[in-house]
There are 2 protein chains.
Amino acid sequence: MQKIIQHSDLSKPVYDRLKQMIEEGELSPGQKLVQEKLAQDLGVSRTPLLKALQKLQHEMMVESIPRRGMYVKKVSLQEMIDVYDCREAIESIAVRLTIERSSDTDLEKFKKVFEPFVNASKINTTRYRKADENFHDMIIELADNPVLKKMSEVSNIYKRVYQYGLIRPPEETMVEHMNIIHAIVERDIPAAEKELRNHISLSRAKLIEYQKEKSTKS
Amino acid sequence: MQKIIQHSDLSKPVYDRLKQMIEEGELSPGQKLVQEKLAQDLGVSRTPLLKALQKLQHEMMVESIPRRGMYVKKVSLQEMIDVYDCREAIESIAVRLTIERSSDTDLEKFKKVFEPFVNASKINTTRYRKADENFHDMIIELADNPVLKKMSEVSNIYKRVYQYGLIRPPEETMVEHMNIIHAIVERDIPAAEKELRNHISLSRAKLIEYQKEKSTKS
DNA sequence: ATTCTGTATTTTGTATTCAAAAATATCATT
DNA sequence: AATGATATTTTTGAATACAAAATACAGAAT
């Protein structure tokens with residue numbers, strides 16, 4: 001029996017594809033998205049394309065200037081810092097809810113995420129990046145709060161922080177991740193919150209550092 | 001000279017009107033939104049209506065079941081509690097940013113919001129509710145963080161908490177508001193954060209109380 | 001009377017069409 | 001050659017058209 005994938009909503013695969021294209025730089029920041037052309041490229045009409053673009057606009061991946069057009073959002077260093085402020089807020093609550101609401105077996109899953117890197121001599125940054133994303137997504141998911149989930153979708157742009165490369169080397173963040181995970185598994189809410197806030201604010205501090213470098217250089 | 005309001009985007013006024021209709025109960029929770037009918041009532045075609053509905057969907061004001069239709073979101077007590085968890089996260093960061101980034105004159109504006117109620121013998125709940133909304137919106141606005149602003153739009157549904165009536169009487173929350181404002185004006189970040197967290201978590205606690213009452217009653 | 005089934009109607013999701021605005025190209029004038 | 005006015009093309013935003021799915025309904029079978 002063949003599994004028939006029904007797309008009751010064409011905008012969904014279009015959305016997924018566009019998101020991928022933006023994340024992978026196939027569509028570059030600032031680029032204008034000409035609707036008719038893009039729709040043709042993706043093999044759909046403008047209607048489902050527009051629906052997908054509106055979702056991306058909501059997630060701050062694209063920008064719309066009325067009567068002008070839609071553009072791939074340029075993410076400035078300042079906005080990246082803004083995202084990190086939000087993530088600290090969102091994820092520190094999320095980790096609390098996660099611990100409160102999850103089973104031991106669910107919490108154990110966190111250990112698995114960074115396992116491939118614990119004894120690795122050389123860490124593959126792409127894989128590590130994915131694990132990092134996965135880790136943060138898990139916290140949001142297990143928090144089991146639909147409003148929080150929606151909010152975190154807004155800061156999806158954070159996934160584009162890597163346009164600046166990894167902010168800090170895995171060797172540095174790995175320890176922090178392990179500390180957070182330890183606190184989660186031990187169900188130590190204050191410790192988990194503290195470690196997570198620390199982790200995020202160290203990255204934010206690094207971004208602020210870059211920002212200062214940039215401004216003094218020019 | 002007459003002021004001509006240009007709508008370069010028809011979905012904007014449609015969005016505003018729909019939001020109002022939902023907030024004021026003109027469209028009731030769970031109600032199906034038949035597109036053709038609604039579009040006719042609002043005097044537009046389905047295209048701008050759909051755009052507005054999609055925005056409202058992102059803000060969790062309406063729900064979409066593919067191939068079935070759009071419905072006014074029912075907000076359960078649990079979801080209201082979820083919103084309060086998010087608001088505590090969002091607004092405590094927001095108040096920090098507000099203090100960091102605002103001028104004295106901007107901060108002074110907070111005093112004005114609850115001024116009409118300081119010596120009032122009997123507080124008009126509708127007006128107080130508006131002031132409360134206004135107060136929280138101001139914190140988000142002055143925080144001057146576009147990502148945070150977008151996120152707080154998601155929890156717009158919180159404005160519908162009043163479907164359960166005011167959670168706590170003005171006499172109780174008024175003091176808390178004054179404490180927060182005092183800390184803000186004094187630029188005391190830790191105090192402002194603490195007071196705000198306290199204020200929100202007391203309301204959340206009240207909601208949890210209601211939830212327990214409800215479950216024991218049935 | 002109640003459940004089942006096939007048909008008609010409604011409604012959604014997508015494509016297409018159309019008008020108006022914006023961008024671009026063309027041409028004249030200096 | 002540079003500037004500015006005008007015409008042309010492109011593109012957006014809104015309306016409409018259309019196909020497919022969901023729903024409502026009527027009549028048949030139990």
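Quick note on labels: first sequence line is chain A, next is B, and so on, each numbered from 1. A quick note: this is a predicted structure, and the numbers were derived from the prediction, not measured.
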**Study point:** salt_bridge(Glu108(A), Lys111(A)) N-O dist < 4.0 Å
**Key:** yes
Practice item. Decide, yes or no, whether a salt bridge links Arg168(B) with Glu176(B) under the criterion of side-chain N to carboxylate O below 4.0 Å. Key: yes
Review point. Val34(A) side chain: which of dT12(D), dA15(D), dA15(C) is closest?
Key: dT12(D)
Check your understanding: Given atom OH of Tyr71(B) and atom P of dT12(C), what is their separation to the nearest angstrom?
Key -> 8 Å
Check your understanding: Which one, dA21(D), dA14(D), dA15(C), comes nearest to the side chain of Val44(A)?
Key -> dA15(C)
Study note, to complete from the structure: Terminal axes of the helix from dA1(C)-dT30(D) to dT30(C)-dA1(D) (5 end pairs apiece), angle rounded to 10 degrees, sit apart by 0°
Point to revise | Nucleotide of dA15(C), dA21(D), dA15(D) approaching Thr47(B) most closely (side-chain heavy atoms) | key: dA15(D)
Study note, to complete from the structure: With the side chain defined as heavy atoms from C-beta on, Gln35(A) is closest, among dA15(D), dT12(D), dA22(D), to dT12(D)
**Study point:** Distance, rounded to the nearest Å, where Met70(A) contributes CE and dT11(D) contributes C1'
**Key:** 13 Å
Check your understanding: Are the charged groups of Arg197(B) and Glu193(B) less than 4.0 angstrom apart, N to O?
Key -> yes
Study note, to complete from the structure: When Lys51(A) and Pro66(A) are each assigned the nearest nucleotide of DNA chain C, the 5'-most assignment goes to Lys51(A)
**Study point:** From Glu91(A), His177(A), Glu88(A), Arg204(A), residue fulfilling side chain to side chain donor-acceptor pair (under 3.5 Å) relative to His199(A)
**Key:** His177(A)
Practice item. Decide whether Asp16(B) and Gln20(B) meet the rule of one side-chain donor and one side-chain acceptor closer than 3.5 Å. Key: no
Review point. Which whole-number value in Å describes the distance from Asp9(A) CG to dT11(C) P?
Key: 20 Å
Exercise for review: Please report, rounded to the nearest Å, how far the P atom of dA24(D) is from the CZ atom of Arg68(B).
Suggested key: 10 Å
Review point. Is it true that Glu26(A) and Arg17(A) make a salt bridge, defined as a side-chain N closer than 4.0 Å to a carboxylate O?
Key: yes
Point to revise | OP1 or OP2 of dT14(C) under 4.0 Å from side-chain N/O of Ser45(A) | key: no
Review point. So which one's nearest nucleotide on DNA chain C is more toward 5', Lys32(A) or Ser11(A)?
Key: Ser11(A)
Check your understanding: Where the side chain of Arg67(A) is defined as all heavy atoms beyond and including C-beta, which of dT16(C), dA20(D), dA22(C) is the nearest nucleotide?
Key -> dA22(C)
Review point. Using 4.0 Å as the upper bound for N to carboxylate O, is an ion pair formed by Asp132(B) and Arg87(B)?
Key: no
Exercise for review: For Leu50(A) and dG13(D), give me the distance from atom CG to atom C1', rounded to whole Å.
Suggested key: 9 Å
Study note, to complete from the structure: From CD of Glu36(A) across to P of dA23(C) the rounded distance in Å is 18 Å
Review point. Nearest-Å distance, CD (Gln54(B)) to P (dT14(C))?
Key: 10 Å
Check your understanding: Which pair of non-hydrogen atoms, one from Glu79(B) and one from Val147(A), has the smallest distance, and what is that distance?
Key -> O-CG2, 4.3 Å
Point to revise | Arg46(B), nearest nucleotide to its side chain (from dA14(D), dT14(C), dG13(C)) | key: dG13(C)
Exercise for review: Using whole Å, report how far CG of Leu42(B) lies from P of dA15(D).
Suggested key: 12 Å
Review point. Looking across every strand, which nucleic acid part, if any, lies under 4.0 Å from Leu33(B) by heavy atom: base, sugar-phosphate, or nothing?
Key: sugar-phosphate
